[in-house]
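As structure tokens, the structure follows; a few thoughts come after it.
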Amino acid sequence: MSEILVLVEQVDGEVKKVTLELLTLARSLGTPSAVWAGPGFTADAKARLAEYGAEKVYVAGSADVVDYVVAPKAELLAQLVGSAAPSAVLVAATAEGKEVAGRLAVKTDSGVITDAVGVGDGLVADQSIFGGGVNVHSRVTKGTPIIAVRPNSTAPSPAPAAGAEEEVSVALSDAAKASKIVDRVKQEKGARPELTEAAIVVSGGRGVGSAENFSVIENLADVLGAAVGASRAATDAGWYPHQFQVGQTGKTVSPQLYIAAGISGAIQHRAGMQTAKTIIAINKDPEAPIFELADFGVVGDLHQVVPQLADEVSKRK
Ligand code: FAD
């Protein structure tokens with residue numbers, strides 16, 4: 001079967017869930033090979049990748065691959081595209097993944113598809129375009145298809161494979177070393193899942209009313225094991241940190257469940273969340289545009305509805 005390269009996303013040697021999703025997807029398209037960039041490849045990581053179907057893991061263990069900004073990963077993948085001639089390359093549609101995909105496409109003179117929410121027979125991708133306004137089916141017609149797939153698009157399922165390790169040394173160009181990472185600031189992990197990877201996201205908007213009131217949103221998120229998001233109105237007001245903003249100029253999320261509380265549903269917000277599988281809107285204005293998008297809607301004051309919902313969920317746990 002044809003080889004499908006999957007670029008591994010990891011934090012401190014721990015393989016991120018999106019990589020397990022990509023390996024699961026890759027199995028339906030061909031034979032997955034994982035690509036590990038940088039030091040820190042452990043027996044645990046190898047076992048995890050093999051568990052989800054990686055027949056092979058290419059390990060480029062040099063620190064250079066991760067000490068410079070993005071470009072080395074594209075050079076590593078370009079080298080592997082040349083030597084292994086895979087039938088496709090899958091990366092996570094994160095900010096970095098999309099940049100790697102774009103650079104790789106230029107280097108290999110190939111077509112690229114970003115923000116795919118599925119890939120089927122013939123490597124036809126289900127793609128969300130125009131800020132999420134339109135879904136199209138797209139196929140790369142030139143070179144090696146490079147597809148950036150949104151987190152949460154595929155349910156990860158294990159299917160053990162060999163996970164054979166193959167070391168790769170990559171000779172980086174001077175251009176790839178143009179910007180060096182000089183410091184890494186560790187983000188407090190906290191108990192909540194990472195926003196772009198979370199299966200459930202509870203977001204608050206201007207309707208929340210204040211920074212203090214965001215505890216209502218956080219309480220619901222915590223009983224659901226969800227991540228917290230916010231609209232730009234809420235982050236611009238300083239009620240919630242910008243890193244949690246969902247939308248065109250924030251993060252793109254594609255969870256199983258998205259709960260929007262006190263959010264009107266502006267196009268720029270939709271761009272970041274409308275590929276969620278199920279959307280619940282809570283808004284006191286029955287005419288709010290978010291209801292056009294929502295699968296379920298509650299017309300009411302979020303300060304009453306959200307705590308009641310959190311209570312009900314806790315009772316049923
Ligand atoms: P509003 O539009 O003010 O809506 C608040 C909603 O809360 C209303 O529907 C109201 O009925 C409801 N409400 C009020 N009180 C309550 C209550 N007690 N209970 C229940 N409901 C209540 N926005 C983003 O979110 N993300 C982006 O990435 C983003 N990028 C942008 C980029 C550009 C270039 C531009 C121009 C704009 C961008 N915006 C973005 C802003 C966007 O256009 C909207 O202004 C923003 O999304 C509005 O946020 P909101 O829905 O929280 O606020």
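Order of appearance sets the numbers: ligands from 1, and atoms from 1 within every ligand. Bear in mind the structure is a predicted one, so any value in this text is a computation, not a measurement.
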So the atoms of ligand 1 within less than 4.0 Å of a heavy atom of Gly205 turn out to be 52 (O)
Closer than 4.0 Å to some heavy atom of Ala233 - which atoms of ligand 1 meet that? 48 (C), 49 (O), 50 (P), 52 (O), 53 (O)
For atom 42 (C) of ligand 1, what is the closest protein heavy atom, and at what distance to 0.1 Å? Gln268 OE1, 3.5 Å
For Leu302 and ligand 1, does the shortest N/O to N/O distance drop below 3.5 Å? yes
Hey, which atoms in ligand 1 end up nearer than 4.0 Å to a heavy atom of Gln248? 27 (C), 28 (O)
Just how far is it from atom CG of Leu23 to atom OG of Ser33, taken to the nearest 0.5 Å? 9.5 Å
According to salt bridge (Lys or Arg N to Asp or Glu O under 4.0 Å), who are the partners of Asp174, at least two apart in sequence or on a separate chain? none
Counting only pairs under 3.5 Å, give me each side-chain donor-acceptor contact of residues 279-286, with atom names and distances, residues two or more places apart or in other chains.
unit_1 : atom_1 : unit_2 : atom_2 : d
Asn283 : OD1    : Asp285 : N      : 2.9
Asn283 : ND2    : Ile263 : O      : 3.1
Asp285 : OD1    : Glu287 : N      : 2.8

For Tyr258 and His269, take the angle between the two ring planes, folded into 0 to 90°, and tell me which bin it lands in: parallel under 30, tilted 30 to 60, perpendicular over 60. tilted
Taking distance alone, with N or O pairs closer than 3.5 Å, would you say Ala230 contacts ligand 1? no
Note the single closest protein heavy atom to atom 26 (N) of ligand 1, along with its residue, its atom name and the distance in Å. Val246 O, 2.8 Å
For Gly247, atoms of ligand 1 separated by under 4.0 Å from a heavy atom: 26 (N), 27 (C), 28 (O)
Glu21 side chain vs Pro151 backbone, donor-acceptor pair below 3.5 Å: no
Any atoms of ligand 1 less than 4.0 Å from a non-hydrogen atom of Gln245? List them with their elements. 26 (N), 27 (C), 28 (O), 29 (C)
Check each atom of ligand 1 against the heavy atoms of Ser231 and keep those under 4.0 Å away; list them by number with element. 25 (O), 49 (O), 50 (P), 52 (O)
Considering only heavy atoms from C-beta outward, does the side chain of Lys317 approach that of Val223 to under 4.5 Å? yes
Out of all atoms in ligand 1, which are within 4.0 Å of some heavy atom of Thr249? Include the element for each. 27 (C), 28 (O), 29 (C), 30 (N), 31 (C), 32 (C)
Could you state the interatomic distance from CG (Leu5) to OG1 (Thr144), rounded to the nearest 0.5 Å? 9.0 Å
Could you check which of Val305, Asp301, Asn283 puts a non-hydrogen atom nearest to atom 10 (C) of ligand 1? Asn283
Is atom 45 (O) of ligand 1 touching the protein, meaning some protein heavy atom lies under 4.0 Å away? no
Is there side-chain contact between His137 and Asp126, with heavy atoms separated by less than 4.5 Å? yes
Quick check on Gly300 - does any of its heavy atoms sit under 4.0 Å from an atom of ligand 1? yes
Test item: side-chain donor near acceptor, Glu9 and Thr94, under 3.5 Å: yes
